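The block underneath contains the structure these notes are about, expressed in structure tokens.
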Amino acid sequence: MISAQAWSDAQQLWDFQQMRHEPRPCSVAIGLGSHDLGVADVTVDLYRRGMFPLVVFTGATSRTTRDRMPRGEAEHYRERALELGVPDSAILVEPNARNTGENINFSRALLADRDVTVSSVLLVSKPYEERRAYATARKLWPEVEFVSASAPMTLTEYVDSIKDPRLVLDMLVGAQQRLLIYPEQGFMIRQDVPDSVAVAYERLRAAGFTSRLVPVP
């Protein structure tokens with residue numbers, strides 16, 4: 001059972017991760033690979049709305065995706081987008097990235113190799129990783145403007161869609177940890193964290209939602 005306090009703390013982290021950017025037309029989109037095929041669905045919706053002419057789906061596999069996405073996250077995203085009517089000519093696949101930094105760097109290299117001029121990027125991620133993705137992209141590609149996007153879902157709706165509440169809370173804690181430690185390691189820009197969010201994060205850690213934490217040197 002997950003306590004009422006843990007759900008309240010998870011809501012704090014969920015709300016903080018939302019950048020609340022208004023989608024607008026950009027040079028390209030980058031769909032960040034993960035266990036959540038919903039990222040591809042959101043990207044398709046934004047494409048239909050005319051927000052970009054070209055998308056890079058980026059991602060290899062991980063321990064959470066190798067069974068459900070054996071051909072790689074980016075390739076499964078591409079297949080989903082094709083099923084939903086996006087033309088193949090509007091999709092690039094970057095199949096090697098294994099973390100958010102590689103998602104950005106490898107996508108940037110692929111676009112440069114294809115001579116695509118990029119001044120702005122619509123960055124599509126899972127809802128609870130908007131801020132982490134944005135902070136990483138701003139650090140690694142500072143000359144480009146990034147607009148964050150994800151599925152417009154509540155925490156409850158997202159948990160219902162994933163059907164694994166503990167996994168979602170573990171990943172929320174993992175995303176928050178990276179916001180705290182990665183700026184010092186040069187992986188992302190630093191952002192202010194409200195005290196209420198910091199307290200909620202520490203309580204969730206103490207409650208054992210730790211499977212997605214990274215080791216700290």
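As the structure is a computational prediction, the values presented were derived from the model and not from experiment. Start at 1 with the first residue, then count along the sequence.
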For a quick test of reading the model, state the closest non-hydrogen atom pair linking [X] to [Y] and the distance between them.
X: R132; Y: E129; answer: NH1-OE2, 2.8 Å
X: P87; Y: L82; answer: C-CD2, 4.1 Å
X: S34; Y: V39; answer: OG-CG2, 4.2 Å
X: D36; Y: P127; answer: OD2-CD, 4.5 Å
X: L123; Y: A137; answer: CD2-CB, 3.9 Å

Between S119 and S27, does any side-chain donor sit less than 3.5 Å from a side-chain acceptor?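 S119 vs S27: donor-acceptor pair found between side chains.
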Ring-ring centroid check F57 H76, cutoff 6.0 Å: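 Here the rings of H76 and F57 have centres that are no less than 6.0 Å from each other.
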With a 4.5 Å limit on heavy-atom distance, are the side chains of W141 and V118 in contact?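 The answer is yes, as the side chains (C-beta and beyond) meet within the 4.5 Å cut-off.
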Can you confirm whether L46 sits close enough to P23 that some side-chain heavy atom of one is under 4.5 Å from a side-chain heavy atom of the other?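 Yes, at least one pair of side-chain atoms sits under 4.5 Å.
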Indicate every side-chain donor-acceptor pair of residues 165-192 with a distance under 3.5 Å to a residue at least two apart or in another chain.
unit_1: R166; atom_1: NH2; unit_2: G208; atom_2: O; d: 3.0
unit_1: D170; atom_1: OD2; unit_2: S211; atom_2: OG; d: 2.6
unit_1: Q177; atom_1: OE1; unit_2: V214; atom_2: N; d: 2.8
unit_1: Q177; atom_1: NE2; unit_2: V214; atom_2: O; d: 2.9
unit_1: R178; atom_1: NH1; unit_2: G174; atom_2: O; d: 2.7
unit_1: R178; atom_1: NH1; unit_2: R212; atom_2: O; d: 2.9
unit_1: R178; atom_1: NH2; unit_2: R212; atom_2: O; d: 3.1
unit_1: Q191; atom_1: OE1; unit_2: R131; atom_2: NH1; d: 2.9

Charged N to carboxylate O below 4.0 Å: is that the case for E130 and R20?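 No, no charged N to carboxylate O under 4.0 Å.
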Would you call R78 and E83 a salt bridge, using N to O less than 4.0 angstrom?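 Salt bridge: no.
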Side-chain donor-acceptor pairs of residues 90-97 under 3.5 Å, sequence neighbours excluded:
unit_1: E94; atom_1: OE1; unit_2: T58; atom_2: OG1; d: 2.5
unit_1: E94; atom_1: OE1; unit_2: A97; atom_2: N; d: 3.2
unit_1: E94; atom_1: OE2; unit_2: N96; atom_2: N; d: 2.7
unit_1: E94; atom_1: OE2; unit_2: A97; atom_2: N; d: 3.3

Using 30° and 60° as the class boundaries, would you call the ring planes of Y158 and W14 parallel, tilted or perpendicular?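 Rings of Y158 and W14: tilted, as their planes differ by 30° to 60°.
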